[in-house]
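Keep in mind it's a predicted model, so treat the numbers as computed, not measured. Below, all heavy atoms of this structure are taken into account, side chains as well, without hydrogens, waters or symmetry copies.
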Amino acid sequence: VTAVSEQCNSNYSTPVQFKSVPCAPANLVAEVDCNTGATNCSWNSSNGGKWYTITAEGSDGSVAECNTTELSCEIINLNCGQNYTMSIVAADEVCESSLYFITDIKSVPCKPDNIQATTDQNNPYAALATWSPSEGALSYTATLEGMNGHRISCNSTDTECSVNNLHCGQTYSVNVLAHNEKCSCYSNTTENITTAPCAPQHISAVMNYDDSSVTVSWDVANGSLVYISIAQGSDGDLKICETVDLLCIFQNLHCGENYTIT
């Protein structure tokens with residue numbers, strides 16, 4: 001600084017140095033890791049900045065941040081199913097820069113829950129899966145996988161979907177996957193559903209002429225707990241056998257009649 005009069009100027013004062021505020025960081029990029037749920041952030045260096053603070057503020061009011069001297073960092077513990085506004089500020093020992101913002105960073109969708117599955121009363125090899133809405137989900141995929149490896153899926157933007165052509169005599173595990181534009185998230189729990197038993201195959205009927213009886217046998221039917229066999233004669237004679245075994249013996253059949261075995 002110099003003082004000025006009408007005739008002359010003073011000598012310059014002793015110089016004083018100062019540092020301006022750091023420049024605002026630029027080109028903040030945030031990418032959500034769909035596997036971990038964390039958000040990886042990077043940016044260009046700030047002239048005058050010595051360290052950086054990145055803040056994520058969710059649509060539910062939650063806040064997470066990280067501090068670093070590097071040009072990248074990872075923000076963890078973001079709540080699922082939220083839209084986040086990300087901001088970054090550079091600082092030195094005295095001052096902070098202005099904020100740099102990016103918006104609409106979506107965290108992974110929340111896990112579907114309350115999964116339920118029921119078979120169709122009119123079709124024992126069809127099923128309806130339902131679940132509760134997941135925050136942040138735009139669509140869902142329900143997958144049913146049988147003990148025999150049979151796998152079938154259905155997609156929906158609602159909280160239910162149905163599948164057909166399930167295999168007989170199978171217990172299926174039901175899982176639901178929630179999707180947003182980028183990430184997907186499986187439910188924590190599964191539901192089990194069992195289809196109707198398979199029809200018995202290779203039915204054989206052997207007549208014993210000594211005592212007018214017939215022995216009916218069949219192969220194991222997947223999913224069966226008990227078998228019911230019916231012998232019906234052409235004269236209306238009806239005989240029913242219920243068993244957990246693989247054969248029934250019908251006795252006292254009427255002579256001279258044709259019998260149908262089911």
Side-chain angles (χ1 to χ4, degrees), residues 32-37 80-81 106-206 215-232 240-249 260-262:
V32 176
D33 186 325
C34 295
N35 294 319
T36 65
C80 63
K106 292 180 172 60
S107 60
V108 297
C110 295
K111 298 177 183 294
D113 60 6
N114 195 30
I115 299 171
Q116 299 181 21
T118 54
T119 54
D120 190 325
Q121 292 183 351
N122 299 318
N123 181 357
Y125 307 117
L128 175 69
T130 63
W131 54 88
S132 297
S134 300
E135 277 196 273
L138 299 177
S139 63
Y140 304 89
T141 300
T143 300
L144 288 75
E145 184 167 2
M147 297 182 300
N148 63 352
H150 179 231
R151 185 182 179 95
I152 189 169
S153 298
C154 57
N155 300 303
S156 176
T157 56
D158 203 349
T159 55
E160 65 179 39
C161 67
S162 59
V163 293
N164 296 300
N165 301 319
L166 298 176
H167 290 182
C168 62
Q170 291 294 312
T171 297
Y172 284 84
S173 63
V174 184
N175 206 333
V176 178
L177 188 65
H179 312 276
N180 64 14
E181 294 93 335
K182 180 182 178 182
C183 296
S184 301
C185 189
Y186 272 111
S187 55
N188 280 328
T189 59
T190 59
E191 173 77 359
N192 290 333
I193 187 173
T194 301
T195 57
C198 297
Q201 300 293 320
H202 302 118
I203 299 173
S204 171
V206 178
T215 299
V216 180
S217 62
W218 52 85
D219 290 345
V220 172
N222 286 340
S224 297
L225 298 177
V226 66
Y227 300 92
I228 299 174
S229 182
I230 300 174
Q232 185 164 12
I240 300 174
C241 171
E242 183 174 325
T243 180
V244 296
D245 298 321
L246 297 178
L247 61 84
C248 276
I249 299 175
T260 300
I261 303 295
T262 56

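- Shown here is Asp158, whose CG atom has more than 12 heavy atoms of other residues, nucleotides or ligands within 6.0 Å.
- Once rounded to the nearest 0.5 Å, the distance linking CD1 of Ile240 with CD of Gln232 reads 9.5 Å.
- With 3.5 Å as the limit, one finds no donor-acceptor pair spanning the side chains of Ser139 and Thr157.
- Val216 and Ile203 make their closest contact through CG1-CG2, 3.9 Å (heavy atoms, listed as atom of the first residue, atom of the second, distance).
- The shortest side-chain heavy-atom distance between His150 and Gln170 does not fall under the 4.5 Å cut-off.
- To the nearest 0.5 Å, atom OG of residue Ser173 and atom CG of residue Leu144 are 7.5 Å apart.
- Inter-residue side-chain proximity for Arg151 and Thr143 is flagged as met; some heavy-atom pair is nearer than 4.5 Å.
- Residues Leu177 and Tyr186 form a side-chain contact, since some pair of their non-hydrogen atoms from C-beta on lies under 4.5 Å apart.
- Taking CD of Glu145 as the start and OH of Tyr172 as the end, the distance is 10.0 Å to the nearest 0.5 Å.
- Using a distance-only test at 3.5 Å, with no hydrogens or angles considered, no donor-acceptor pair links the side chain of Lys106 to the main chain of Glu181.
- The shortest heavy-atom contact between Pro109 and His179 is CG-C, 4.2 Å.
- When side chains are defined from C-beta on, Ser134 counts as touching Tyr140, because their heavy atoms get closer than 4.5 Å.
- One finds the CG atom of Asp245 at 12.5 Å from the OG atom of Ser229 (value rounded to the nearest 0.5 Å).
- Taking OG1 from Thr195 and CG from Asp120, the interatomic distance works out to 13.0 Å, rounded to the nearest 0.5 Å.
- In this structure, Ala126 and Leu166 approach most closely via the heavy-atom pair C-CD1, 4.3 Å.
- Side-chain atoms of Leu128 and Glu160, non-hydrogen and from C-beta on, do get closer than 4.5 Å to each other.
- Nearest heavy-atom pair across Ala196 and Pro124 is CB-CB, 3.5 Å.
- The two residues Ala205 and Ile261 make their nearest non-hydrogen contact at CB-CG1, 4.5 Å.
- Ser187 has its side chain out of reach of Trp131: every pair of non-hydrogen atoms, C-beta onward, lies at least 4.5 Å apart.
- Counting heavy atoms of neighbouring residues, nucleotides and ligands inside a 6.0 Å radius, atom CD of Gln121 does not exceed 12 of them.
- For the residue pair Asn175 and Thr190, no side-chain donor N or O sits within less than 3.5 Å of a side-chain acceptor on the partner.
- Minimum heavy-atom separation, Ile193 to Ala127: CD1-CB, 3.8 Å.
- The shortest side-chain heavy-atom distance between Asn188 and Asp113 does not fall under the 4.5 Å cut-off.
- The sulfur atoms (SG) of Cys183 and Cys34 lie less than 2.5 Å from each other.
- Taken as a pair, Cys80 and Cys185 fail the criterion of an SG-SG distance shorter than 2.5 angstrom.
- Here the straight-line distance linking atom OG1 of Thr119 with atom CG of Asn122 works out to 10.5 Å at 0.5 Å rounding.
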